[in-house]
Amino acid sequence: MPKKLLLIDGNSIAFKAFFALYQSLDRFTNSEGLHTSAIYGFNRMLDKVLAAEQPDEALVAFDAGKTTFRTEKYDGYKGGRSKTPNELSEQMPFIRELVEDRGIKTYELANYEADDIIGTLTKEAEDTGDYAVTVITGDRDLTQLTSKMTTVQVSKKGVTELETYTPDYVLEKLGVRPDQIVEIKGLKGDTSDNYPGVTKVGDKTAQKLIQQFGSIAGIYDHFDDVSGNKLRENLLADRDKAELARELATINRQAPLTISLADCKYTGPDTPKLIDFYERMDFKSFLAAMDPEAVNDQDVYSEIKFQQLTAKNISELASLDSEIELQIELDDENYHTAQIVGLALGDKDHWYATNDAELLHNEVVVKILETADVKKNVFDAKKTYVALNNLGIKLAGVNFDLLLASYLLNPANNSNDVAVVAREHEYQNVKTDEEVYGKGAKRSIPVDQPVFLEHLVHKIAAISNLKVDLFADLDKHNQTDLYWKMELPMALVLARMEIAGITVKASRLEEMGSKLKERMAELEVEIYRQAGEEFNIGSPKQLGHILFDKLKLPVIKKTKTGYSTAVDVLEKLAPDAPIVQSVLDYRQVSKLLSTYITGLLKVINPADGKIHTRYLQTLTATGRLSSVDPNLQNIPIRSEEGKQIRSAFVPSQSEEVIFSSDYSQIELRVLASISGDQNMQEAFREGEDIHAATARRIFGLDSNEQVTPELRRQAKAVNFGIVYGISDYGLAQNTGITRKQAKQFIDRYFEEYPGVKQYVSEIVDFAKDHGYVETLEKRRRYLPDINSSNFNRRSFAERTAMNTPIQGSAADIIKKAMIKMDKALEGYQTKMLLQVHDELIFEVPLSELDEIKKIVPQIMDSAVKLAIPLKVESHYGKTWYDAK
DNA sequence: ATGGTCACG
DNA sequence: ACGTACGTGACCATT
């Protein structure tokens, strides 16, 4: 039996694998943001080939670098190729590691390509005699190595699909012998490697010539026999090119290798290393194939023993550990109004579940829940607090919140489904709610079925299993304080605010609503009159038809689906046609009516006349909160008509006021502080108007010169632009100046604020090196696109790298303030009700007003110590509208 | 379900 | 040359 030798062209297979999976590039990333598509494809190929070949010796050859003996011969060799995408090059070191962990030798040699290494080794094998050689490549050129002893397999689409070349197959497919392939290539050249052959000679002519003459030398030896004048002319003119091309195409089979076949023993995988590698790459299917036992424990949905909790066995709970897992199951997302439909709790050895919510009132259960010394591990602490509070139970002792921890580790892992989060962290033994309850209209909770209780138990088991790992990961990220001192206490503070709710006067909204309805009817008539027909004004499609087809107004912007009718477009058209202004007015009124009048009226709780929003603590990428059902963070303020909505937001008691404090310019202060820019810090320290100060600087005004409102406006836009991650295009778009002017402004800005310039470039570098950015309090955001070869994705990631530490640190600051505030307000009747990113809103009894006026700004000011002071402004009044 | 629009910081 | 300002949620029309 001849020995089996397997030789693989590493670079070309990596390329093929990468582009085969290019569509799914985003699906193949590990938890650290590394792309893994080519690694994955490469490994699929290895699996298949190793199984098929069972080689005695194996080697994967790689290209050593850009310059080789071929580039010395011909400058342009492989010139004009676009750069290897970063998403691929970042994977190359891992492919080598993979290959070695699988027990296969890797090799590269300066000045030579992988082809030449493979060619030289096949020669050694053939000279030795007793070998069967298989070459795996993505490059057809290697088929020239085909011989009796050597087969070449070229990957087709999908990488694992291989086309096998034997000498017979080469002859059948290309019409020439393997050793003549270089002759063909000499004649026709190679566009992908960027070298020319003979003019006007392609596949067909080259094949005919070589079949007739055997080689390029043969053509010129018997030149008289060549037919066709034009062809003869070209052959004569391009003889040098043909000979050079032949040389370039020829694989060097005498490369000065420092290894030989004896060094290429295939040893099989180093199993522990390979398992570790698969784990780092998040390759679950490969892992499962390697180590089915480890997987059976974890990766398959398996039974968990539990008891149904009943009035009879409920006393057993008293003997549970001092640390338990707890899941309260609700019938609706909105935990303020939802009903409890199930409950699971227990410790590692004893799980209990029930669909009888009444059992929550049992004194044994209440005692456990309200005792802080019994630690609770949950999924979504805030939800759990509120749901239990609805029953009058004050949950205490929350320890681990799987949702919160997962969000802090990576804010992209923020699903509100236990199973989705658990799977992110490699724990599989739990199903999603959708898998158990169904989705959409079919969703129903099988309250009377064992599957339901089983599902709940699997949830708490997941929480229990992930606790140690996630705490360890938080520690690795230096996020222990972020979790314990900021986010976990925050959950309770937010729960209190949501439960408190804000009183909204329905009568006031209704009164405004009827006026708006009248106004809308008037505008409707007016618009129909000007359009000459009736149509649905709320339909961008129909409106576009009226404005641009019927009335022939100029088209300024298009959307994917048709004409854009967005405000900035309509504002440009308004001077030309009165109908446009009417449409703008109609839009404003209709927005107020549907979102803020009807919308808010729908969510006033009839029991207490209040609105209870839900803050989503684990949603945003930056660490901000968001607010839903309803969103109370976007109540109108910019237009007077809209601002009136705020007059319906009132204190819950008479003799109280709405009190509001906001951070002034918090994001720019954060920027001044983290960038260390002395000029910007000075402006803040001197208490200057930052936009005016910026205008002075970038427009070079003397200290006694007035900053005009226009200059201030422009400077303000630049300040905003910096915070958003500036680009000249974006700034121009937003301010209506030219892109060139925008660029000048930005350049001037960076000259005047050199610290900011340095910060911007350093933070982007940091992101490129680490794959993430951090806020003041170590909140982290991963930026998988930061090294993308796609300009758009990369640019977006770069802007995000600049913006996230600013926006996120501002979010950290107000969160800290809120936690301190909650403590400071103990013993007061004053209640913190709302948070709107840089603003806190309270209801304050008049009797406490004087004190609150001092306490609130003092706490907000001292939330963190920055290089420059924070500034807080406060207002109050009878309604939210009047707190200005 | 998705896209357009518009409300907020 | 590429074609964008950062972060959100609700409503409506359309598919």
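All values derive from a computational prediction rather than experimental measurement. Chain letters run A, B, ... following the sequence lines, proteins first and then strands; every chain starts at 1.
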- Message: My understanding is that only residues two or more places apart in sequence, or in another chain, count here; which of them pass side-chain contact (heavy atoms from CB on, under 4.5 Å) with A:Thr598?
- Response: none
- Query: Going by distance alone, is a donor N or O of one side chain under 3.5 Å from an acceptor N or O of the other, for A:Asp882 and A:Tyr876?
  - Reply: no
- Message: Rounding to an integer number of Å, can you tell me how far A:Ile645 CD1 sits from C:dA10 C1'?
- Response: 14 Å
- Message: For a 4.5 angstrom cut-off between non-hydrogen side-chain atoms, does A:Asn86 reach A:Ser89?
- Response: yes
- Task: Give A:Ala811 one of three labels, base, sugar-phosphate or nothing, depending on what nucleic acid heavy atoms sit under 4.0 Å from its own.
- Result: nothing
- What does A:Ala732 touch in the nucleic acid at a heavy-atom separation under 4.0 angstrom: a base, only the sugar-phosphate, or nothing? nothing
- A:Phe842 meets the ring pair (Phe, Tyr, Trp, His ring centres under 6.0 Å) criterion, sequence neighbours left out, with none
- Message: Dot-bracket, 5' to 3', for DNA chain C please: Watson-Crick or G-U pairs under 3.5 Å, [ ] where pairs cross earlier ones, | where the partner sits on another strand, dots elsewhere.
- Response: .....|||||||||.
- Span that lies between the P atom of B:dC6 and that of C:dA5, in whole angstrom: 15 Å
- Query: Centre of A:Tyr729's six-membered ring, under 6.0 Å away, within 45 degrees of the axis: is that where NZ or CZ of A:Arg739 sits?
  - Reply: no
- Message: It should be established whether A:Arg799 places a side-chain nitrogen or oxygen under 4.0 Å from OP1 or OP2 of nucleotide C:dC6.
- Response: yes
- Query: How far apart are the C-alpha atoms of A:Arg646 and A:Glu641, what are their side-chain angles, what is the distance that settles it, and do they pass the salt bridge (Lys or Arg N to Asp or Glu O under 4.0 Å) test?
  - Reply: CA-CA 10 Å; A:Arg646 294 181 174 223; A:Glu641 296 90 325; over 6 Å; no
- Rounded to whole angstrom units, what separation is found between the CD atom of A:Glu798 and the C1' atom of C:dA5? 14 Å
- Task: Could you grab the distance from atom OG of A:Ser661 to atom CE of A:Met832, nearest 0.5 Å is fine?
- Result: 11.5 Å
- May I ask you to say what A:Leu619 touches in the nucleic acid, namely base, sugar-phosphate or nothing, with a heavy-atom cut-off under 4.0 Å? sugar-phosphate
- Item | Between C:dG9 (P) and A:Leu625 (CG): distance, integer Å | 11 Å
- Which residues, if any, of residues 511-522 of chain A bring a heavy atom under 4.0 Å of DNA chain C? none
- At under 4.0 Å between heavy atoms, what does A:Gly725 touch on the DNA or RNA strands: base, sugar-phosphate, or nothing? nothing
- Query: Ignoring hydrogens and geometry, is there a side-chain-to-backbone donor-acceptor pair from A:Thr804 to A:Gln807 under 3.5 Å?
  - Reply: no
- Can you tell me, in whole Å, how much space there is between the P of B:dT5 and that of C:dC2? 24 Å
- Query: Ignoring hydrogens and geometry, is there a side-chain-to-backbone donor-acceptor pair from A:Asp689 to A:Ala692 under 3.5 Å?
  - Reply: yes
- Select one nucleotide: of C:dG7, C:dT4, C:dA5, the one nearest the side-chain heavy atoms of A:Arg739. C:dT4
- Could you give the OH-to-P distance, from A:Tyr586 to C:dC11, as a whole number of Å? 16 Å
- Note on the structure: note: A:Ile746, atom CD1; C:dT4, atom C1'; distance rounded to Å ~ 12 Å
- Tell me what A:Ser590 touches on the nucleic acid: a base, only sugar-phosphate, or nothing, going by heavy atoms under 4.0 Å. nothing
- Could you check whether A:Tyr729 and the base of C:dT4 form a stacked pair, meaning centres closer than 5.5 Å and planes differing by less than 30°? yes
- Result for side-chain contact (heavy atoms from CB on, under 4.5 Å) between A:Ile786 and one of A:His770, A:Arg793, A:Glu798 points to A:Glu798
- Between A:His612, A:Arg614, A:His336, which is the residue that forms a side-chain hydrogen bond (donor to acceptor under 3.5 Å, both in side chains) with A:Glu498? A:His336
- Note on the structure: Readout for nucleotides 2-9 of chain B: B = base within 4.0 Å of protein heavy atom, S = sugar-phosphate only, - = neither; 5' to 3' it is --SSBBBB
Listing, residues 713-724 of chain A side-chain donor-acceptor contacts under 3.5 Å, not counting sequence neighbours, or none:
| unit_1 | atom_1 | unit_2 | atom_2 | d |
| --- | --- | --- | --- | --- |
| A:Arg713 | NE | A:Glu710 | OE1 | 3.2 |
| A:Arg713 | NH2 | A:Glu710 | OE2 | 3.1 |
| A:Gln714 | NE2 | A:Glu710 | OE2 | 3.2 |
| A:Asn719 | OD1 | A:Tyr749 | OH | 2.7 |
| A:Asn719 | ND2 | A:His691 | ND1 | 3.0 |
| A:Asn719 | ND2 | A:Thr694 | OG1 | 3.2 |

- Message: Is it true that A:Thr775 and A:Ser809 share a donor-acceptor pair across their side chains at a distance under 3.5 Å?
- Response: no
- Contacts of A:Ser795 and A:Gly538 projected onto DNA chain C by closest heavy atom; the upstream (5') one is A:Ser795
- Message: Under 4.0 Å, heavy atoms only, any strand: does A:Val628 hit a base, just the sugar-phosphate, or nothing?
- Response: sugar-phosphate
- Task: Go through the N and O atoms of the side chain of A:Thr620 and the base of C:dT8, and report whether any donor-acceptor pair is under 3.5 Å.
- Result: no
- Query: Does a nitrogen or oxygen in the side chain of A:Asn536 sit under 4.0 Å from OP1 or OP2 of C:dA13?
  - Reply: yes
- Task: Please check the phosphate of C:dT4 (OP1 and OP2 only) for any side-chain N or O of A:Arg793 closer than 4.0 Å.
- Result: no
